[in-house]
Structure formats: structure tokens, C-alpha cells
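Okay, so here's the structure we're looking at.
Computed from a predicted structure; not experimentally measured.
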Amino acid sequence: TSDYVKSFFDGETPKKETVWVIGELRDNINQVINGADSTPVRYRYWRKDDRTLWVLDSVARTMPITAGVVVEDGKILDISVLTYRETRGHEVQNRVHRAQYYGASITNKNTLDKPINGISGSTLSVNSMKRMARIALLLHNDVIKDE
């Protein structure tokens with residue numbers, strides 16, 4: 001994780017920060033999760049200026065996928081699978097699939113503003129990645145607006 005973090009912050013690791021999931025943020029995240037995962041009470045992240053990096057977990061079929069999501073100016077700059085634990089659906093790790101997320105932002109209805117193509121046989125893994133992308137965007141917008 002530390003090399004991944006450093007790669008987006010000029011080779012340095014910014015201080016880790018915390019955002020508490022309360023109020024409207026909690027409601028929005030609950031809407032995105034929709035029972036697929038339990039909602040954490042807080043998320044940890046790294047930040048420098050208007051760039052944030054989130055390491056999130058979301059269950060695909062039975063096991064969680066751990067992904068890093070980098071957001072800048074309210075848009076996804078990068079999404080990478082850091083740990084994949086399922087026996088199938090690993091195609092979500094491919095660069096071609098992940099590139100669909102680049103530049104995506106969140107709409108007022110808490111959906112991504114660009115379509116993400118599915119992968120045959122990997123529907124649950126794709127849905128898990130989309131959830132993490134949406135959560136990272138909600139969290140980013142929440143911490144940035146507090147300034």
C-alpha cells in the first residue's frame with residue numbers, strides 16, 4: 001500500500017487523515033452500499049491539496065476486494081485492485097477495465113456519470129469496484145467541501 005500511496009504523491013506519503021461517516025454522508029454511503037457491505041463509522045485516507053487516496057474494501061461474491069481509489073478535483077484519477085481474494089472475476093484488475101473509471105465523477109443520484117461495461121462472469125466483482133468508486137467520490141467531495 002505504501003508504494004501505491006507514494007506513487008500518487010510525488011514519492012512521499014502524506015499524513016493519514018480520518019473522515020467520520022455521519023449525517024448526510026452516512027445516508028449517501030448507505031444508499032451506495034445498499035446492504036452489500038456494512039457501513040464503517042470512519043474511513044482513513046491520504047490527502048495533498050485536492051487529491052485524496054482511499055483504500056477501500058467491498059465484498060464481491062464471498063470475499064472482499066481491496067482497491068485503491070485516487071480522486072482529484074472530484075474525478076477518479078486512478079482505481080487499482082490492491083488485493084483480490086475471489087476465485088473468479090479477477091478481470092477487474094485489468095487496465096482496460098479500470099481505465100473506464102478514469103475521469104468519472106458522482107451524480108446527484110450517487111451514481112457514476114459514465115457507464116462502466118461489465119465483464120461476463122465477473123458481475124459481482126464489477127459491482128464491487130463500482131461501489132468503491134462511488135464511495136471514494138462521495139468521501140472525497142465530503143472532505144474537500146469542508147474547507
Side-chain angles (χ1 to χ4, degrees), residues 1-9 14 16-21 23-146:
T1 303
S2 72
D3 287 340
Y4 181 73
V5 173
K6 286 179 184 179
S7 70
F8 289 98
F9 295 105
K16 204 180 242 190
E17 299 183 46
T18 302
V19 60
W20 293 92
V21 182
E24 185 180 350
L25 178 61
R26 183 170 186 78
D27 295 342
N28 288 333
I29 289 175
N30 281 336
Q31 177 190 355
V32 168
I33 289 174
N34 196 21
D37 297 305
S38 58
T39 305
V41 294
R42 69 177 179 190
Y43 287 94
R44 303 291 306 251
Y45 66 101
W46 294 266
R47 177 181 180 183
K48 183 177 179 186
D49 302 324
D50 193 30
R51 179 178 290 181
T52 58
L53 187 150
W54 308 86
V55 174
L56 305 171
D57 290 309
S58 181
V59 175
R61 179 176 291 277
T62 58
M63 302 294 291
I65 297 172
T66 302
V69 186
V70 181
V71 183
E72 186 170 51
D73 299 322
K75 295 184 182 306
I76 293 178
L77 185 66
D78 183 73
I79 185 167
S80 294
V81 176
L82 303 177
T83 308
Y84 192 82
R85 300 172 183 90
E86 293 284 357
T87 56
R88 52 179 71 153
H90 59 87
E91 295 86 355
V92 295
Q93 300 174 84
N94 294 344
R95 192 175 48 150
V96 172
H97 176 74
R98 294 182 297 111
Q100 298 178 87
Y101 295 88
Y102 301 165
S105 60
I106 195 105
T107 68
N108 291 341
K109 295 183 178 181
N110 296 331
T111 60
L112 295 176
D113 69 346
K114 351 176 15 175
I116 303 297
N117 293 324
I119 301 169
S120 182
S122 301
T123 303
L124 297 175
S125 294
V126 171
N127 290 345
S128 182
M129 294 296 288
K130 287 198 281 192
R131 259 193 312 278
M132 289 186 281
R134 292 164 60 198
I135 289 168
L137 288 163
L138 286 167
L139 291 166
H140 172 85
N141 291 342
D142 187 74
V143 300
I144 296 298
K145 80 170 170 48
D146 287 342

Closest heavy-atom pair and its distance - [X], [Y]:
| X | Y | value |
| --- | --- | --- |
| A60 | I65 | CB-CD1, 3.8 Å |
| I33 | S38 | CD1-O, 4.2 Å |
| S105 | G74 | CB-O, 3.2 Å |
| A133 | I76 | CB-CD1, 3.5 Å |
| Y84 | G89 | OH-C, 3.1 Å |
| A136 | V69 | CB-CG1, 3.4 Å |

Atom [atom1] of [X] and atom [atom2] of [Y]: how far apart are they, to the nearest 0.5 Å?
| X | Y | atom1 | atom2 | value |
| --- | --- | --- | --- | --- |
| I119 | L124 | CD1 | CG | 12.0 Å |
| N28 | T39 | CG | OG1 | 11.0 Å |
| L56 | I135 | CG | CD1 | 6.5 Å |
| R95 | Y102 | CZ | OH | 8.0 Å |
| W46 | S2 | CH2 | OG | 9.0 Å |
| R131 | D37 | CZ | CG | 5.0 Å |

Compare all side-chain heavy atoms of [X] with those of [Y] and state whether any distance is below 4.5 angstrom.
| X | Y | value |
| --- | --- | --- |
| L25 | W20 | no |
| D78 | R98 | yes |
| L53 | F9 | yes |
| T52 | L139 | no |
| Y43 | I29 | yes |

Side chain [X], main chain [Y], donor-acceptor under 3.5 Å:
| X | Y | result |
| --- | --- | --- |
| D113 | T107 | no |
| S128 | S58 | yes |
| R134 | N110 | yes |
| Q100 | I116 | no |
| Y4 | G68 | yes |

For the residue pair T62 / R85, report whether a side-chain donor-acceptor contact shorter than 3.5 Å exists.
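Distance-only check fails for R85 and T62.
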Show every salt bridge (charged side-chain N to carboxylate O under 4.0 Å, His left out) that has at least one partner inside residues 50-64, sequence neighbours left out.
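Qualifying pairs: R51-E72.
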Heavy atoms of other groups near K114 NZ, more than 12 under 6.0 Å:
yes
Can you name the one residue among R88, E91, H97, H90 that meets side chain to side chain donor-acceptor pair (under 3.5 Å) with S122?
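The passing option is E91.
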Evaluate the criterion side chain to side chain contact (heavy atoms under 4.5 Å, CB included) for residue pair K130 and V32; output intermediate values, then yes/no.
CA-CA 9 Å; K130 287 198 281 192; V32 168; over 6 Å; no
Applying the side chain to side chain contact (heavy atoms under 4.5 Å, CB included) test to H140, which of L137, L138, I144 qualifies?
I144
Would you mind listing every ring-ring contact (aromatic ring centres under 6.0 Å, His included) that reaches into residues 48-71, with sequence neighbours excluded?
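Matches after skipping sequence neighbours: Y45-W54.
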